[in-house]
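Here is the structure we will look at.
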Amino acid sequence: MFKKILIANRGEIALRVLRACRELGIASVAVHSTADADAMHVRLADESVCIGPPAARDSYLNMPAIISAALITGAEAIHPGYGFLSENAAFAEMVEAHDLVFIGPTAHHIRIMGDKITAKTTMDDLGVPLVPGSPGELASLEDARVVAERIMYPVLIKAAAGGGGRGMKVAQNAGELEAAWREARAEAAAAFGNNAVYMEKYLDKPRHIELQVLADNHGEVVHIGERDCSLQRRHQKVLEEAGSPAISATQRDALGETVIKALKKIGYRNAGTLEFLYQDGQFAFIEMNTRLQVEHPVSEAISGIDLVREQIRIAAGEPLGYTQADIEFSGHALECRITAEDPLTFAPSPGTVVMFHPPGGLGVRVDSALYAGYRVPPHYDSLIAKLITHGRTRPEAIARMKRALHEFVITGIKTTIPLHQRILEAPDFIAGDYTIHWLERFV
Ligand code: ADP
């Protein structure tokens, strides 16, 4: 096992990794920008290194600075968290080239899955069902027209290098295709420096259901159940649950079998998530994230498995030590992503936190790096807290979430707590009856 790990991230996820390190008896090194000198992850880590000015490209994305910090402090491995460098194959290679361990999949798998077109062709070859669409990159507007006529409107043009819901444009009909094509390519070029796009049928009432997997370096692959992440705004997840109210354990296990077989074939390692759209009883793969997900705690709640601990153990070469048959799911879990935003307009609301009182009690977990007096910097993601509740049943998890949101006090900045409170009162949500388009109409 490692003696020291560097955490190449900030905020709640840096804390999450720190906690796993401490429980495993591993020393931790935090890295931070000058804007984060007072951040909680810096305070809780055993050591910390300043890696640059506030802008992420100069600090949390500054590969040489991060590698140097690891070498100077004698860390043996780097956990990238999510976002930032977590899905950067060149970074994973650079880490390994310096005789450090990247806590995640191989650079090869990051690269395959990072290009959504290659990811889809790979999964197609492995027998995983896909959303109907173009067989690969769209070569031209003319090509887009031909594919759209075949799969029928509405269609979605998506960036091959996509992420965070960017570079994605809908064309409801032939008249809208040219604009969607142009806008998607321009957005993809600006956001990812790559204007390659592909096409999918735009599904009208799907749910977003994803499967968490863990794979060790010895050929064992298991799934840790599904998460329903259909409650989204601008293609970004807002509230997640495990399991999905829409599918049965039998459906989940059948999907799990297909996925495990596919991942064994490609020799995948460490944690990963396969994202699917689910409509009319069918699953269709959209992408794979080769990292820890923001919403991983709901899977931890229902399985009792510490996913970050498992990531670290796997990276250290330890076998999983259990099989699918040993994994049991219990109860239901919800996660509310609380952001520093106006709950009505979603305008960012950075600033100084005056009061911070997180909820507690049975079945309540708060993952947050906030504290009273902390200044939420304007430079990074607006996520400030994840509130997770677990109950024996879905109604119990909902009741607990309402109670926990009621207890949660964050003053000095605006937060989306009131939005979550409204969602939890909505009859459609209570009935578990919602698709990826539901929240967009609700807010
Ligand atoms: P990103 O990598 O940018 O997050 P994804 O491919 O994961 O992009 O899609 C993000 C979200 O966009 C999905 O969860 C879903 O809500 C919506 N979406 C993606 N593909 C489709 C599709 N073919 N039809 C309808 N909605 C889609």
Side-chain angles (χ1 to χ4, degrees), residues 1-11 13-22 24-34 36-37 39 41-42 44-115 161 193 214-218 266-272 289-292 307-318 380:
M1 183 46 76
F2 308 116
K3 292 194 175 63
K4 196 187 270 190
I5 290 176
L6 180 138
I7 301 156
N9 217 303
R10 64 180 302 281
I13 198 61
L15 246 62
R16 172 69 192 86
V17 179
L18 260 161
R19 287 175 172 144
C21 288
R22 201 163 289 274
L24 285 164
I26 300 169
S28 55
V29 181
V31 293
H32 66 91
S33 69
T34 50
D36 276 341
H41 74 283
V42 177
L44 288 185
D46 294 306
E47 288 171 77
S48 62
V49 180
C50 180
I51 47 165
R57 65 173 178 279
D58 300 321
S59 51
Y60 297 103
L61 294 172
N62 185 342
M63 300 193 232
I66 293 169
I67 303 270
S68 305
L71 296 176
I72 291 164
T73 54
E76 300 154 84
I78 298 184
H79 195 301
Y82 54 67
F84 294 132
L85 296 169
S86 61
E87 289 176 296
N88 187 313
F91 180 64
E93 274 164 356
M94 196 186 282
V95 169
E96 304 279 336
H98 288 83
D99 286 330
L100 301 164
V101 177
F102 180 78
I103 303 176
T106 61
H108 169 68
H109 288 132
I110 296 174
R111 202 160 269 135
I112 292 181
M113 298 305 166
D115 182 281
L214 280 177
D216 68 15
N217 302 357
H218 310 276
I266 60 168
Y268 189 78
R269 291 174 176 193
N270 215 279
N289 290 320
T290 52
R291 56 168 165 84
L292 189 67
L307 291 169
V308 179
R309 179 177 187 269
E310 296 307 272
Q311 283 193 294
I312 296 171
R313 283 204 315 113
I314 290 168
E318 290 188 10
Y380 313 107

Out of curiosity, I66 CD1 to H98 NE2, how far, rounded to the nearest 0.5 Å? 12.5 Å
With D46, which residues qualify under salt bridge (Lys or Arg N to Asp or Glu O under 4.0 Å), at least two apart? R22
Quick check: closest heavy atoms across V31 and A8, and the distance to 0.1 Å? CG2-CA, 3.9 Å
What distance separates I78 CD1 from L85 CG, expressed to the nearest 0.5 Å? 9.0 Å
Between Y60 and H41, how do the two ring planes meet: parallel, tilted or perpendicular, split at 30° and 60°? tilted
Student check: side-chain heavy atoms of I312 and I5 closer than 4.5 Å: yes
Least distance between heavy atoms, L6 atom then A75 atom: N-CB, 3.9 Å
Are any non-hydrogen side-chain atoms of V17 and N9 less than 4.5 angstrom apart? no
Between CD1 of I26 and NZ of K3, what distance do you get to the nearest 0.5 Å? 10.5 Å
Please report the interatomic distance CZ(F91) to CZ(F84), rounded to the nearest 0.5 Å. 12.0 Å
Using every non-hydrogen atom in the two residues, find where N270 and A315 come nearest and quote the distance to one decimal. ND2-N, 4.0 Å
Note, V95 side chain near I67 side chain (heavy atom, < 4.5 Å): yes
Say you draw a straight line from OG1 of T106 to CD of E93; how long is it, rounded to the nearest 0.5 Å? 9.5 Å
Just to verify, what does R291 make a salt bridge (Lys or Arg N to Asp or Glu O under 4.0 Å) with, not counting sequence neighbours? E87
Answer yes or no: is there a side-chain heavy-atom contact under 4.5 Å between N62 and I51? no
Does N88 form a side-chain contact (heavy atoms from CB on, under 4.5 Å) with I110? I'd like the steps, not just the answer. CA-CA 7 Å; N88 187 313; I110 296 174; over 6 Å; no
In this structure, CD1 of I7 is separated from NE2 of H32 (nearest 0.5 Å) by 13.0 Å
Quick one: side chain to side chain donor-acceptor pair (under 3.5 Å) partners of R313, sequence neighbours excluded? E310, E318
H108 side chain vs A89 backbone, donor-acceptor pair below 3.5 Å: no
Closest heavy-atom pair, Y268 versus P105, reported as atoms and distance to 0.1 Å, is OH-CG, 3.2 Å
In terms of heavy-atom contacts, L18 and A45 come closest through CD2-CA, 3.6 Å
May I ask you to test the D36-Y380 pair for a side-chain heavy-atom distance under 4.5 Å? yes
What heavy-atom pair brings L292 and H79 nearest, and what distance separates the two atoms? CD2-CE1, 4.4 Å
